[in-house]
Amino acid sequence: MYRDMTCGQPRQSDSGKTITLSGWVHRRRDHGGLTFIDLRDFSGLMQVVFNEDSAPEAHALAGDLRSEWVIQVKGTVQERRVGADNPDLPTGTVEIIASELTVLNRSETPPFEVEDDLNVADETRLRYRFMDLRRPRMYRNMKLRHDVIQAARNYMVGEDFLEIETPILLKSTPEGARDYVVPSRVHPGSFYALPQSPQQLKQLLMVSGMDRYFQFAHCFRDEDLRADRQPEHTQIDFEMSFVEQEDVLQILEGLYTAMVRETRPDLEVPTPFPRMTYAEAIERYGSDKPDVRFGMEVSRLTDIVADSGFGVFESVAAAGGAVRAIVAPGCADYTRRQTDELIEFVKSSGAQGLIPMHIAAEADSLEEVTLEDIRSPIRNHVSLETLKEMARTTDAEPGDLMLIIAGPEQVVNVAISNLRVEMGRRLGLADPGVFNFLFVVDFPLFEWDDDRDGWAAMHHVFSSPRPQDVGMLDSDPGAVLGQLYDLVLNGVELGSGSIRIVDRAIQEKVFELIGHSPEQVEERFGHLLRAFQYGAPPHGGMGLGLDRIVMLLAGEDNIREVIAFPKTQAAVDPLFEAPGAITDEQLEELSIRVVESGG
RNA sequence: GGCCCCGUGGUGUAGCGGUCCAACACGCCGCCCUGUCAAGGCGGAGAUCGGCAGUUCGAAUCUGCUCGGGGUCGCCA
């Protein structure tokens with residue numbers, strides 16, 4: 001045994017014991033005849049004292065120690081002398097009086113210090129991830145991730161779900177994201193694809209009578225990265241037979257309250273999780289994943305300003321676009337510099353611009369506001385009555401700052417909802433101690449795809465329309481709502497799910513609507529549809545981003561912080577230098593020739 | 001694919017046309033020190049400023065291209 005205890009364990013009750021500890025040299029404080037070593041492992045720090053008088057050999061050796069060397073120390077646990085306690089350390093009331101020291105391994109000088117309050121470029125951290133992960137914060141995140149997984153597994157097992165693994169090497173399905181593909185050696189010119197989700201597999205498991213399935217599923221998507229998006233991520237994936245939407249939502253609520261309770265009992269989780277329709281979410285927040293911890297709802301001014309005399313508003317309204325606004329309470333004194341910043345912000349969210357409207361705090365009420373009280377680029381173009389009507393509609397008061405965005409509906413919604421979140425952040429409106437889960441339901445089944453000039457599945461092709469909407473599949477596809485639901489937490493989409501289609505006629509109709517020929521359907525989904533002809537139970541389920549919920553539970557704002565070996569924005573692993581070339585022999589075996597890109 | 005920000009010793013930053021063969025902090029190396037815990041004192045080494053091409057009498061500093069990193073819009077069934 002290299003150790004009797006871990007570094008963070010010994011307490012006053014252990015004093016007098018002779019123990020052996022192993023770990024990394026966190027810091028050395030050499031006082032000449034007396035040397036202190038902070039010995040570190042995953043569990044914490046322990047101060048080790050080397051005294052020239054009592055252990056000359058160990059003391060001499062301790063003088064050679066350097067940061068991150070791996071050592072083994074034998075010594076006696078002792079209460080620290082009066083006044084020498086370190087209240088910052090859990091082990092700060094004791095220390096080890098070393099009698100023996102063994103150097104187990106040396107270390108090069110580290111590229112950065114193993115400290116939590118680290119300020120090092122992400123790429124450097126990833127290049128030396130094995131050092132980066134030694135930081136207590138990273139261990140905490142990995143441990144939290146572990147605990148979240150255990151809590152989820154316990155809950156799912158308790159609800160009679162079966163944990164079943166599904167293959168990673170499967171077939172490309174041309175829906176959705178780009179696939180990562182793997183060439184087949186045995187079948188030259190053929191490729192496996194890594195799963196974007198185990199969607200079809202879990203549906204097959206339902207047809208197989210497995211009743212309730214779950215899995216921590218690795219999912220791969222070859223799309224551009226973001227702070228909360230990696231090329232591979234882990235989903236808590238589950239599917240249930242003989243259920244309706246509400247049954248699935250009940251499981252979700254139970255699962256997530258359990259996960260939070262087990263890992264962050266300090267957080268407040270209001271239950272039951274509220275249900276909000278997609279339409280309501282868009283109307284009130286401009287987003288299908290609203291942060292409902294605070295108000296600042298989005299108003300619609302299109303009708304009021306359609307004939308206001310302000311050209312931008314009029315042309316947007318005439319083109320069928322939207323004029324929407326939020327109110328930043330008490331922000332009428334924002335400076336030009338501050339509003340310019342906000343303009344840059346909304347531009348980066350895709351909007352053309354942003355029109356601020358300051359309502360001076362001097363007036364006692366909105367009705368007493370005069371043109372003098374209003375500061376805005378539209379002030380000289382729009383009548384006072386219209387300005388007031390805009391303020392009334394948004395519930396703006398004297399002293400408030402209205403922020404108005406005009407443009408195509410979807411562009412406005414993206415920008416105004418991002419702006420709302422940004423203002424909420426600036427004004428400190430969102431309580432970080434509250435986890436406000438929200439079910440967004442009744443998503444449209446289809447959305448119009450301008451590129452393809454046709455309907456596309458909002459979620460995926462197997463999601464079922466609401467029974468009452470089936471009749472509209474022919475007459476008005478855009479109005480058909482699905483048995484589709486998202487779980488949203490504090491403005492972050494955690495996952496999507498649906499009740500699946502098991503009726504062949506409806507399935508064929510859906511394929512037809514999104515422009516799949518029977519041949520394409522057979523090619524892409526024949527296996528699943530054939531299975532459905534052999535007795536498919538009604539079923540539904542969900543895929544949930546594990547990394548994101550762990551990120552939120554950890555209080556991190558980047559998903560890389562809760563993934564042991566994440567990739568950079570260019571989908572590179574700087575430690576492995578992946579992806580990399582393969583040998584000519586490998587290429588030969590795979591019948592692959594690499595050609596220069598045409599440019 | 002678009003937009004924005006960043007790239008200076010090991011790490012993080014300062015310098016933003018000559019006074020910079022580059023400053024500071026931490027780290028590193030050496031010496032001293034028996035109670036420190038971001039130990040302390042003294043001394044020292046270490047970057048030609050991501051790369052290339054230009055502008056200029058002169059560039060870390062300006063311009064163009066390029067590479068790398070981060071954020072974001074598109075994209076992500």
Side-chain angles (χ1 to χ4, degrees), chain A residues 26-39 45-54 59 63 66-68 80-89 91-92 95 97 108-115 117-128 131 173-179 196-197 199-200 219-231 233 344-351 410-411 414-415 418 422 443 445-447 449-451 455-463 482 484 493 496 498 510 514 516 524-525 543 545 557-558 560 567-570 572 574:
Chain A
H26 185 66
R27 225 175 275 284
R28 181 176 57 116
R29 293 179 293 279
D30 188 345
H31 290 234
L34 193 67
T35 297
F36 299 94
I37 297 287
D38 289 335
L39 190 63
L45 290 177
M46 172 56 60
Q47 174 162 282
V48 181
V49 185
F50 294 90
N51 191 313
E52 190 172 25
D53 296 336
S54 57
H59 174 266
R66 292 294 181 272
S67 285
E68 301 307 313
R80 293 196 186 184
R81 55 179 64 177
V82 177
D85 287 358
N86 184 345
D88 296 332
L89 288 183
T91 59
E95 61 195 6
I97 308 301
E108 298 285 313
T109 299
F112 49 79
E113 292 170 71
V114 179
E115 287 288 355
D117 53 352
L118 189 68
N119 182 17
V120 177
D122 278 16
E123 196 196 2
T124 308
R125 289 179 54 199
L126 292 184
R127 197 179 299 283
Y128 296 92
M131 307 252 351
T173 54
E175 309 302 308
R178 270 185 288 269
D179 287 313
Q196 298 179 21
S197 90
Q199 182 62 37
Q200 297 185 38
C219 301
F220 306 85
R221 295 175 186 179
D222 187 3
E223 295 293 344
D224 289 350
L225 285 76
R226 290 283 190 284
D228 63 354
R229 245 157 56 185
Q230 281 274 309
H233 70 287
E344 283 312 305
F345 178 85
V346 300
K347 280 184 177 173
S348 78
S349 285
Q410 288 189 12
V411 172
V414 167
N418 284 350
E422 172 65 14
F443 277 78
L445 202 55
F446 305 104
E447 59 187 342
D449 183 344
D450 282 330
D451 293 338
W455 294 106
M458 187 87 154
H459 184 45
H460 64 63
V461 291
F462 304 114
S463 295
L484 274 175
E493 181 195 321
S496 301
S498 66
V510 167
I514 60 179
H516 282 9
R524 296 171 186 179
F525 306 108
D557 55 12
N558 194 301
R560 290 188 297 267
K567 295 189 174 54
T568 68
Q569 199 167 67
V572 165

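By convention in this document, chain letters (A, B, ...) are assigned in the order of the sequence lines, proteins followed by strands, and residues within each chain are numbered from 1. Everything quoted here is computed from the prediction, not taken from an experiment.
- In this structure, H31(A) does not pack face-to-face on the six-membered ring of G35(B), missing the 5.5 Å centre cutoff or the 30° plane limit.
- No contact: E115(A) has no heavy atom under 4.0 Å from any strand.
- Judged by closest nucleotide on RNA chain B, S54(A) is the one of D228(A) and S54(A) placed further toward the 5' end.
- Between the CD atom of E68(A) and the C1' atom of C28(B) there is a distance of 14 Å, rounded to whole Å.
- The same atom, C1', is picked in U13(B) and in A22(B); the two are 13 Å apart, to the nearest Å.
- Scanning all heavy atoms of the two residues, the minimum distance from L484(A) to S463(A) falls at CD2-OG, 3.4 Å.
- For the pair L89(A) CG and U36(B) P, the interatomic distance rounds to 15 Å; values are reported in whole Å.
- The minimum heavy-atom distance between P574(A) and R127(A), with the atom names listed, is O-NH1, 3.6 Å.
- Rounding to whole angstrom units, CD of residue E422(A) and P of U72(B) are separated by 12 Å.
- Nucleotides C16(B) and C49(B) are separated by 12 Å at their C1' atoms, to the nearest Å.
- Phosphate proximity of G69(B) to T568(A): present, with a side-chain N or O under 4.0 Å from OP1 or OP2.
- Closest to the side chain of R560(A), from the set C76(B), G71(B), C33(B), is G71(B).
- The side chain of R81(A) sits closest to G35(B) out of C76(B), G35(B), G30(B).
- Checking the phosphate oxygens (OP1, OP2) of C29(B), a side-chain nitrogen or oxygen of R66(A) falls inside 4.0 Å.
- Looking at D224(A) and R229(A), no side-chain N of the basic residue comes within less than 4.0 Å of a carboxylate O on the acidic one, giving no salt bridge.
- In this structure, N86(A) reaches the bases: a heavy-atom distance under 4.0 Å links it to at least one base atom across the strands shown.
- A donor-acceptor pair under 3.5 Å is formed between the side chain of Q196(A) and the backbone N or O of A177(A).
- Put simply, the side chain of N86(A) gets close to the backbone of D88(A): a donor and an acceptor are under 3.5 Å apart.
- One interatomic measurement links the two molecules: CG of L225(A) to P of G70(B), which rounds to 8 Å at whole-angstrom precision.
- For the 3.5 Å distance criterion, the side chains of R524(A) and Q200(A) fail to qualify, holding no donor opposite an acceptor.
- The phosphate of U36(B) has neither OP1 nor OP2 within less than 4.0 Å of any side-chain N or O from R29(A).
- Among N51(A), T35(A), L34(A), the single residue meeting the side-chain contact (heavy atoms from CB on, under 4.5 Å) criterion with H59(A) is T35(A).
- Between G69(B) and G46(B), the two P atoms lie 31 Å apart (nearest whole Å).
- The distance between atom CZ of R178(A) and atom C1' of G74(B), rounded to the nearest whole Å, is 11 Å.
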Please assess L445(A) against W455(A) for the test side-chain contact (heavy atoms from CB on, under 4.5 Å), listing each intermediate value before the final yes or no. CA-CA 10 Å; L445(A) 202 55; W455(A) 294 106; over 6 Å; no
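- To the nearest angstrom, P of U36(B) lies 14 Å from CD1 of I97(A).
- The base-pairing partner of C76(B), taking Watson-Crick or G-U wobble contacts with both distances under 3.5 Å, does not exist among the strands shown.
- Using a 4.0 Å heavy-atom criterion, one finds that A570(A) contacts the sugar-phosphate atoms exclusively.
- A donor N or O paired with an acceptor N or O is found under 3.5 Å between the base of C76(B) and the side-chain atoms of R229(A).
- C20(B) and C5(B) have their C1' atoms separated by 26 Å, given to the nearest Å.
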With B for base contact, S for sugar-phosphate-only contact and - for none (protein heavy atoms under 4.0 Å), nucleotides 1-16 of chain B reads B--------SSS----
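- Atom-to-atom, NE2 of H26(A) to C1' of C26(B) comes out at 14 Å; the value is rounded to the nearest Å.
- Out of G70(B), U72(B), G35(B), the shortest distance to the side chain of N558(A) is found at G70(B).
- At the heavy-atom level, S67(A) lies under 4.0 Å from the strands shown only through sugar-phosphate atoms.
- Note on Q569(A): a side-chain N or O is less than 4.0 Å away from OP1 or OP2 of G71(B).
- One can find a donor-acceptor pair under 3.5 Å joining the base of C37(B) and the side-chain atoms of R80(A).
- Nucleic acid contact class of E123(A) (heavy atoms, under 4.0 Å, all strands): sugar-phosphate only.
- In the set A38(B), C28(B), U72(B), the nucleotide with an atom closest to the side chain of R27(A) is A38(B).
- Closest of all the heavy-atom pairs between S349(A) and V414(A) is O-CG1, 3.6 Å.
- Side-chain atoms of E223(A) come within 3.5 Å of backbone atoms of R178(A) as a donor-acceptor pair (strictly under, hydrogens ignored).
- Judged by atom type and distance alone, E95(A) reaches the base of G35(B) through a side-chain donor-acceptor pair under 3.5 Å.
- Contacts of D222(A) with the nucleic acid, taken as non-hydrogen atoms under 4.0 Å apart, are absent.
- Here N51(A) lies in heavy-atom contact (under 4.0 Å) with a base.
- Minimum atom distance to the side chain of V414(A) is reached by G74(B), of the listed G74(B), U36(B), G69(B).
- Across all strands shown, nothing is found opposite G27(B) as a Watson-Crick or G-U wobble partner with both distances under 3.5 Å.
- Across all strands shown, the partner of C65(B) is G51(B), judged by Watson-Crick or G-U wobble contacts whose two distances both fall under 3.5 Å.
- Remark: side-chain polar atoms of E68(A) are not paired, donor with acceptor, to backbone N or O of E108(A) under 3.5 angstrom.
- Put simply, CZ on R28(A) is 16 Å from P on A38(B), counting in whole angstrom units.
- Looking at heavy-atom distances under 4.0 Å, A457(A) makes contact with sugar-phosphate atoms alone, never a base.
- Checked against C73(B), G69(B), G71(B), the side chain of N418(A) finds its nearest nucleotide in C73(B).
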